[in-house]
2 protein chains.
Amino acid sequence: MSEAAHTRPPTEGGSRRLILDHAARLLRGGGYHQTTLREIAEAVGIRKASLYYHFGSKEEIVEAVVNDGVHFVHEAVVAALAAEEGASPRVRLEAAVRAHLAALHGHGDYTSASIKVFTFGAAAVPESVRAVRRAYEDVWRGLIAEWQQAGGMPAGNSPDVLRLFLLGALNGSTDWYRPERHAIDALAREFVALLSPH
Amino acid sequence: MSEAAHTRPPTEGGSRRLILDHAARLLRGGGYHQTTLREIAEAVGIRKASLYYHFGSKEEIVEAVVNDGVHFVHEAVVAALAAEEGASPRVRLEAAVRAHLAALHGHGDYTSASIKVFTFGAAAVPESVRAVRRAYEDVWRGLIAEWQQAGGMPAGNSPDVLRLFLLGALNGSTDWYRPERHAIDALAREFVALLSPH
DNA sequence: CCTACCGATCGGTAGG
DNA sequence: CCTACCGATCGGTAGG
């Protein structure tokens, strides 16, 4: 079949995903301002101007990476929770922590880039990004409500503050986690043990 | 071994500190790459080239801000601990957490800039910055050792991992802390309560 | 502390 | 997906 290469997206998913893959890797390492469209284009093997065939602007590329990153962690945690349905809040909490850390450090480019860019860009966070994040935070709101109801939380503590500290601690691991020095399973176990000692 | 300059600093402290004050404020908001020497110069009220009379490069300015920021938190925590000498490990831990959060969000420009820039710059962290940070981390190593010795830590948990999670959670508050919504005292109390429920 | 200027690089556009 | 090009801006330097 003949190709309409210069007018329509030729291999729809392919190029777009390839661009995002490289963008995610570069954003993870350098953040928003250090990562340039030229770098991304060179990594992909095309010219910089060609990126504008697939995306409208640099921000659009970054936004896609960030959203995919949050979405990926979200899905992983939801799947882990589904696998532990009916288990105790403590087991479920540990499963969620483990899934979050695994998603963060396993397939890491998108998720790490997401944290890096988001933490950094205090200014103008697009609504799409906030929506994706809020959806993920809701998962933790639910989990922490379970935890509280089961008596896991000290009286007088705010569930919101717990969630903020908790996600901060987990996401902060992008600054110090080294695969050769830390095991995800152990980190998750230790983390939950801090919140509820045996 | 600073004290560069071909001639001698004219009004020694004044200008230099003024530059760093504005640099800290701008770095806090924008991070390393978004903050430009022109912005800093304009805020101070001088020409960009004049910055080179006081500092050798952009990196030198950023480095000074980061080090001052970490140093400030360090001093605040050490002072708080000195005031609670002989108190229980729990009380001392809460005092340290409170002092850390207060330093972070109170006089915030230097400390927030420090976290922002450091979290961001995965690449080349100057030795001076690492030294200042390591010195501060040692304070927490000591505190956590106390905590562990008093039986506050679950068996099988690593003090290093606790410290990393703990500082990550506290420093992550720069992303969500709002003075009108959170009280430092309450945050510190809740934080310690999470680690050792009443 | 200034004026004047530098090469390098940025995101983005024109037009095919 | 390309070549060619744009104005804007970057950190830094010359020379006073």
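Naming: A, B, ... by sequence-line order, numbering from 1 per chain.
The 5' end of DNA chain D is approached more closely, in terms of each residue's nearest nucleotide, by A49(A) than by the other of A49(A) and L37(B).
We find that CZ of R47(A) is positioned 4 Å from P of dT3(D), with the value rounded to whole Å. As rounded to whole Å, 9 Å separates atom P of dG11(C) from atom NE2 of H33(A). Taking atom CD of E59(B) as the reference point, atom C1' of dC10(D) lies 14 Å away to the nearest angstrom. In this structure, CD of E39(B) is placed 11 Å from P of dT9(D), rounded to the nearest angstrom. dC5(C) atom P lies 15 Å from atom CZ of R38(B), rounded to whole Å.
Within the 4.0 Å cut-off from OP1 or OP2 of dC1(D), at least one side-chain nitrogen or oxygen of S15(A) is found. OP1 or OP2 of dC1(D) lies within a sub-4.0 Å distance of a side-chain N or O belonging to H54(A).
Between the side chains of S128(A) and E63(A), at least one donor-acceptor pair of N or O atoms lies under 3.5 Å.
T36(A) comes within 4.0 angstrom of sugar-phosphate atoms only, judged by non-hydrogen atoms across all strands, and of no base.
Interatomic distance, K58(B) NZ to I40(B) CD1, rounded to the nearest 0.5 Å: 7.0 Å.
Across every non-hydrogen atom of I144(B) and L162(B), the tightest pair is CG2-CD2, 3.9 Å.
H100(A) and Y136(A) have their aromatic ring centers within a separation under 6.0 angstrom.
Taking hydrophobic clusters as Ile, Leu, Val, Met, Phe, Trp and Tyr residues chained together by side-chain heavy-atom distances below 4.5 Å, V78(B) shares a cluster with L166(B).
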(message) Show me the dot-bracket string of DNA chain D, counting Watson-Crick or G-U pairs under 3.5 Å, with | for pairs to another strand and [ ] for crossing ones.
(response) ||||||||||||||||
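Checking R28(B), R25(B), H22(B) one by one against D109(B), the side-chain hydrogen bond (donor to acceptor under 3.5 Å, both in side chains) holds for a single residue, R28(B).
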